[in-house]
2 protein chains.
Amino acid sequence: MTQDTPPEVSTRDALIEAGMALLAEGGPEALTLRRAAARAGVSHAAPAHHFKGLRGLQTAIAIRAFADFNRAMITHRDAAADTPFERLAGICDGYLAFVEGQEGLFHLMFTAAEVDRDDPDFRAGATRAYGLLRAGCAPFTGGADLVFEGAVWSAVHGYATLGFTRKRGQAGGENPPPFRALLRLIVPDRPDHLGPVSAK
Amino acid sequence: MTQDTPPEVSTRDALIEAGMALLAEGGPEALTLRRAAARAGVSHAAPAHHFKGLRGLQTAIAIRAFADFNRAMITHRDAAADTPFERLAGICDGYLAFVEGQEGLFHLMFTAAEVDRDDPDFRAGATRAYGLLRAGCAPFTGGADLVFEGAVWSAVHGYATLGFTRKRGQAGGENPPPFRALLRLIVPDRPDHLGPVSAK
DNA sequence: ATTCAAGCTTGACAGTGTAAAGCTTCGCCG
DNA sequence: CGGCGAAGCTTTACACTGTCAAGCTTGAAT
């Protein structure tokens, strides 16, 4: 088409976006190097020039997903009432909202085998996500408290992966409890100025 | 219920065990219908007579894994000191010990895409696991309390899937906190006879 | 003008899941 | 006793996957 400044996205970006679309439409099994290439309008071997195999494409997708993921947490946090609990709950809401809409991406981000977790960009995205959560926890702990952070992080992640975001959890058959109730259990309803919630 | 005197294991069992070995040795990617068949000493098409495709084999493996998983929780629980907290912590210890030793199986049991979660035997195993946890929670809640159970379940599951059982968590770079510390945060250190820990 | 590397294509290969067809073998019923 | 029918298994075949090797084009740098 036009040929002034590159108006068409780079092949690399086109492949990433095609892969994300495949993931959203057909789940992890539908994400295929050849299909992504076809959808991006290039030959089946083109991806090899941009990624280190399928693993590389999946890693690139996961990196982009972390950007969206972090944005979702920030958006929900900033839309919440300006209290420590509501801001932390907002972060978790963003976390869970992302999972609900993008299970394929979530699977790529947190389920180990198919992604290169040593990729520096991937680590940066994951570290940034943890930093957001940590910042949300800080008002309750007066700094970094691995126990408290670990409890909140585990709770929201477990809640998501156990399928509580869907109508019925995968283990029990009953309706799942709302996440805020779980969070209340970890975050004591008390003034914020009392210092760390878990001793040492 | 099964036939009494087949001295050599059935092909079906041989396939399941071959698959579990592959999973343990090479991770989820190494579990292949053809490889399992070869290791079991049958042709590559034999599995089709016992399972509904690869999905069926993976489901059968997950079902067997749940039996081991539940046994691990029971063993650790029964070896613990006879207090409500120690028994619940023991269940969680069993949970985490299983994950540490059998990440491939754990992945199959709890990561959705590759298994038929509607299989009745699979559901039975998962429900039994949840029942064990629920029983461990009961002394603190005076019965079934979805919020408390969900918090403990999410915490231990999140702790496991986030890689806290390894030296360093995948998100933060620091040493992970011990799980018991997280559990202490959810299970208040208080007499057991005060009734449910979460109101309503 | 030449070179050279990046980007892309075509072609090939081993490995995968799965379906179809044929072969054994054993239990059961006539 | 005879046959027969289904279960279990093998062989064959096919479409699809990831990956590699070789060639083609193109554009910028030397």
Side-chain angles (χ1 to χ4, degrees), chain A residues 1-23 25-62 104 107-108 112-116 119, chain B residues 1-23 25-62 104 107-108 112-116 119:
Chain A
M1 284 293 239
T2 62
Q3 58 200 14
D4 33 12
T5 53
E8 57 173 336
V9 290
S10 72
T11 297
R12 188 189 146 92
D13 284 342
L15 285 168
I16 292 179
E17 272 153 33
M20 291 178 83
L22 288 170
L23 208 50
E25 292 169 12
E29 321 237 316
L31 174 53
T32 270
L33 221 37
R34 287 171 112 104
R35 277 214 270 261
R39 184 178 284 231
V42 293
S43 80
H44 69 265
H49 293 268
H50 300 280
F51 311 100
K52 280 193 299 188
L54 176 62
R55 232 178 128 75
L57 174 59
Q58 288 170 315
T59 302
I61 291 176
H107 172 266
L108 221 49
E114 300 138 297
V115 152
D116 176 17
D119 181 284
Chain B
M1 268 309 124
T2 58
Q3 60 280 25
D4 38 5
T5 57
E8 61 174 328
V9 288
S10 71
T11 298
R12 187 190 147 92
D13 285 342
L15 286 168
I16 292 179
E17 272 152 34
M20 291 179 83
L22 288 169
L23 209 50
E25 291 169 13
E29 320 238 320
L31 173 53
T32 269
L33 221 38
R34 288 171 113 103
R35 276 214 270 261
R39 183 178 282 231
V42 294
S43 82
H44 70 265
H49 294 267
H50 301 280
F51 310 100
K52 279 193 300 186
L54 176 60
R55 231 178 130 75
L57 174 59
Q58 288 169 316
T59 301
I61 291 176
H107 174 266
L108 222 48
E114 299 138 297
V115 150
D116 177 17
D119 181 285

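Note on naming: letters A, B, ... go to the chains in the order of the sequence lines (proteins, then strands), and numbering restarts at 1 for each one. Quantities reported herein were computed from a predicted structural model and do not represent experimental measurements.
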Worksheet item: Between B:Leu33 and B:Gly53, which heavy-atom pair has the shortest distance, and what is it?
Response: CD2-C, 4.1 Å

Are any protein N/O atoms closer than 3.5 Å to N/O atoms in nucleotides 10-17 of chain C? If there are, list each pair with its distance.
from, atom 1, to, atom 2, distance (Å)
C:dG11, O6, A:His44, NE2, 2.8
C:dT16, OP1, B:Arg35, NH1, 3.4
C:dG17, OP1, B:Leu33, N, 2.9
C:dG17, OP2, B:Leu33, N, 3.2
C:dG17, OP2, B:Arg34, N, 3.2
C:dG17, N7, B:Arg34, NH1, 2.5
C:dG17, O6, B:Arg34, NH1, 2.9

Worksheet item: What is the distance from CG of B:Leu57 to C1' of C:dT18, rounded to the nearest Å?
Response: 14 Å

Discussion item. From NE2 of B:His50 over to P of C:dT18, roughly how many Å is that when rounded to an integer?
Written reply: 15 Å

Discussion item. Distance check needed: D:dT19 P versus A:Arg55 CZ, whole Å only.
Written reply: 10 Å

Practice prompt. Identify the two heavy atoms, one from B:Ala60 and one from B:Phe51, that lie closest to each other, and give their separation to 0.1 Å.
Written response: CB-CE2, 3.6 Å

Item to complete: Measure across A:Glu114 and A:Arg55 and return the closest heavy-atom pair with its distance rounded to 0.1 Å.
Response: O-CG, 4.0 Å

Worksheet item: Does OP1 or OP2 of D:dC9 have a side-chain N or O of B:Thr11 closer than 4.0 Å?
Response: yes

Worksheet, complete the sentence: Whole-Å distance, A:Glu114 CD to D:dG18 C1', equals 14 Å

Response to the item:
From NE2 of B:His49 across to C1' of D:dA6 the rounded distance in Å is 12 Å

Item to complete: Run the salt-bridge test on B:Glu25 and B:Arg39 with the 4.0 Å N-O cut-off and return the result as yes or no.
Response: yes

Worksheet item: What residue among B:Ile16, B:Leu57, B:Leu15, B:Val42 forms side-chain contact (heavy atoms from CB on, under 4.5 Å) with B:His50?
Response: B:Leu15

Discussion item. Could you measure the distance from the CG atom of A:Leu31 to the CG atom of A:Leu108? Nearest 0.5 Å is fine.
Written reply: 7.0 Å

Worksheet item: To the nearest Å, how far apart are A:Arg12 CZ and C:dA6 P?
Response: 15 Å

Item to complete: Using the closest heavy atom to pick a nucleotide of DNA chain D for each, name whichever of B:Gly41 or A:Lys52 lands nearer the 5' end.
Response: B:Gly41

